Amino acid sequence: MISRLPALAFLICVASCRGCDNTPPDAQLVSVTGDVSFAPKQDEPQSPVAAPRALYKGNVIQTAAASEALIALQAGELTLKENSVLVVGDARVELGAIVLEGGGEVRAGGKVIRLGTRFGKLTVDVGAVVLVGAGGIAVTVGSVELVDQSGTRKLTPTPASAPASRPVLTVELPILLERSSGRVEVLGPHDRWRRVGKGERLAQGSRVRAVSAGTVRFGDDAKGGALTLEAGATATLTQAQDSDAGATVAYSVEVGRASARIEPHARATHRVVLGKLGKAQPVSLEKGLLRAEAELDAKTPRVTVRAGVVRFADGQEVHAGEARVPGSDVGPLSATEVEVALRPASIVYAGSAPPIALKWPAQKDPVVVEIARDRDFTDVELREQLAGGRLVLDGLSAGRRYWRVKKNGGQWQTGSLTLAKGDAGACTNCRRDNVIDDNGEKTVVYYQQAVPRVVLRWKPIAGAAKYRVKVFADGRFNEAVIDEGASDGDLPLEAGRLGEGTYFWLVAGVDAAGQALAGRPRTNELVIRHDNTVKDLVIDAPEHGSVQPRAEVETRGEVALGARLHVNGREVTPDARGRFRTTVALRRGANTLVYHLVANDGVDRYYVRSVERR
């Protein structure tokens, strides 16, 4: 069968201009049976193909059901069975072909065949015959050498009655580079950096640097994950493999900082070396109960874990909310004076959002912690199993979040957290825009001179042609003070329509026939209250962002009567008029001042300012 190769040498200009310069083909498509297609490269459109045809490195042959293709390699031949995909390799370099899916019968002729398969790299000795299929590898004649994650081993002929040998599944994952708005470069074969485009495939061993931030993805999100390089960072991609035990990607972050992320549905383990290869301790990043996310700083070197767990080679584990420099102890990812307990809390910050510690009563056994955007916990951002009673978060965006903890077999304990950018004096829980959302919560509208205009707003309801809005005064639920229809997602109420007091309102969807839609409408509480003071806290000094020349700074201001005040964890007692004055020690550089109020309504309120000491 190998003797057919010389007879096919004339097929050099049939389908590829590469053959037009007398470059010999890497393989030949000898015959096809059924539905067989061809593509010049992976990810390019497929088209039906007929034999004979010259094939070159990177060409793709795919067989459909009940179809076959006979492919002559330079060292033998391969009969590609149905539902299989083959990528032509380069026998002069390493592999004659790579079988991505399915398989077939491989016969070595007068030379050794090297073949890439999903089970590892095969070396088929002269005269050997091997069957490669979805279930494994079976040698019928001669000997075959397999190189996989367990090493190098010989495979011997398998008796017809025995099942196919099934070694560890190993296949190289594609490494895709996603270019952001900036510029990312890869080191070429001649030690020259070149710019790469979005979606370019990189080989293992590629060295990548970010002129400005960019992302490298290992396979798709379901298998691999992503490594985002900050501007100036350099990394080497040393491995990207898929195995029976799960996907593994490995890389070294040599210069600068990067962040690694594994999505909830991915199944990869990330193995990382910080600093030059072999110069720093390796770590692995694995998912927690939901996902994994860590920041890798090669200069320190430091690992900061925001989700999942990082395992160091010395056995030390770093969980979500923690950080470690190799060789040191594990600590929180950031120091913070903002510690939120399992009750409602509001944080108003000037500048950037501060790190926040969620606190709960420590349990003997680990607890499950969840953080979500909604009170029903359908949009969960973080889910971890943690020991101790504290989780430190940083980099949170403004908005409302709900969080809860539960020990094994216990009940959920829930808290809430609202972050808003502003400054002391902003009215927490006040709605100055007076647009009230249908969210099932209590909203307080304060006014000084006249009762304000109010807009009730809701999200579209599936199947609703219009809406019906009812408003009840507190204690008078048999008679609505407002009962109106609306065609859009809001109902404006002119100034003075609702006076000072407490109200409950709900909105229901109505179909085109005028019938109310199934489902129980959500009840919202609205309080309209006259208040000339409005403010929880006024800070007269120091100003946010100010530069302080001494090792301490005086802070003074006024707090709402009846509220308890702590500044950076130390209780401060106001005078009879609510005025306070105290000093806070400063270290050189940036300092954060946290004013913690506990008001009569039981809500924890935090106001955060930053100052700098020279």
Side-chain angles (χ1 to χ4, degrees), residues 334-359 371 373 375 392-403 415-437 439 441-448 527 529 531-546 553 555-572 574 578-582 584 590-612:
S334 182
T336 180
E337 298 288 346
V338 183
E339 295 190 338
V340 175
L342 280 161
R343 55 178 179 260
S346 171
I347 300 171
V348 179
Y349 59 91
S352 57
I356 299 167
L358 306 182
K359 292 182 63 179
I371 302 173
R373 288 278 189 175
R375 63 169 52 203
V392 180
L393 307 169
D394 68 349
L396 291 178
S397 58
R400 171 163 289 184
R401 288 171 178 80
Y402 299 85
W403 65 284
S416 64
L417 176 68
T418 302
L419 285 91
K421 188 170 184 178
D423 202 354
C427 179
T428 306
N429 211 29
C430 296
R431 299 297 296 268
R432 297 189 186 281
D433 56 5
N434 301 330
V435 176
I436 315 302
D437 287 314
N439 54 20
E441 299 178 6
K442 175 181 177 179
T443 304
V444 182
V445 175
Y446 292 93
Y447 70 96
Q448 281 76 50
V527 178
R529 182 177 300 163
D531 189 341
N532 278 328
T533 60
V534 175
K535 298 177 180 179
D536 298 312
L537 174 70
V538 175
I539 302 173
D540 295 324
E543 292 185 2
H544 171 70
S546 62
V553 63
T555 180
R556 64 183 186 275
E558 186 175 344
V559 65
L561 293 178
R564 294 171 55 197
L565 173 66
H566 292 77
V567 180
N568 281 19
R570 183 164 57 90
E571 187 168 5
V572 177
R579 294 173 298 187
F580 70 90
R581 183 188 299 263
T582 189
V584 179
N591 290 261
T592 301
L593 305 182
V594 178
Y595 303 79
H596 176 199
L597 280 76
V598 181
N600 294 328
D601 58 5
V603 177
D604 285 339
R605 294 181 174 88
Y606 299 83
Y607 294 90
V608 183
R609 281 187 173 183
S610 297
V611 297
E612 184 176 351

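Since the structure is predicted, the reported quantities are computational estimates derived from the model, not experimental observations.
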Using every non-hydrogen atom in the two residues, find where [X] and [Y] come nearest and quote the distance to one decimal.
X	Y	answer
L597	Y607	CD1-CD1, 4.1 Å
F580	V538	CE2-O, 4.1 Å
P355	A335	CG-O, 4.0 Å
S334	V392	O-CG1, 3.7 Å
K442	V527	CE-CG2, 3.8 Å
A341	W403	O-CZ2, 3.3 Å

Across all chains, not counting sequence neighbours, the side chain to side chain contact (heavy atoms under 4.5 Å, CB included) partners of S546 are P542, E543, Q548, V611
By side chain to side chain contact (heavy atoms under 4.5 Å, CB included), R373 pairs with (sequence neighbours left out) D379, E381, S397, R401
Once side-chain hydrogen bond (donor to acceptor under 3.5 Å, both in side chains) is applied, do any residues pair with [X], and if so which ones, sequence neighbours excluded?
X	value
T418	R400
D540	none
E339	K359, R390
T555	Y595

Do any side-chain atoms of residues 565-572 form donor-acceptor pairs under 3.5 angstrom with protein atoms, and if so which ones, sequence neighbours left out?
{"residue": "N568", "atom": "OD1", "partner": "V594", "partner atom": "N", "Å": "2.7"}
{"residue": "N568", "atom": "ND2", "partner": "T592", "partner atom": "O", "Å": "3.2"}
{"residue": "R570", "atom": "NH1", "partner": "T582", "partner atom": "OG1", "Å": "3.4"}
{"residue": "R570", "atom": "NH2", "partner": "T582", "partner atom": "OG1", "Å": "3.0"}
{"residue": "R570", "atom": "NH2", "partner": "T583", "partner atom": "O", "Å": "2.6"}

Practice item. Could you give me the CA-CA distance, side-chain angles and deciding distance for L358 and I371, then say whether side-chain contact (heavy atoms from CB on, under 4.5 Å) is met? Key: CA-CA 10 Å; L358 306 182; I371 302 173; 3.8 Å; yes
* Between V445 and I436, is a side-chain contact (heavy atoms from CB on, under 4.5 Å) present by the stated rule, with each step listed? -> CA-CA 9 Å; V445 175; I436 315 302; 3.9 Å; yes
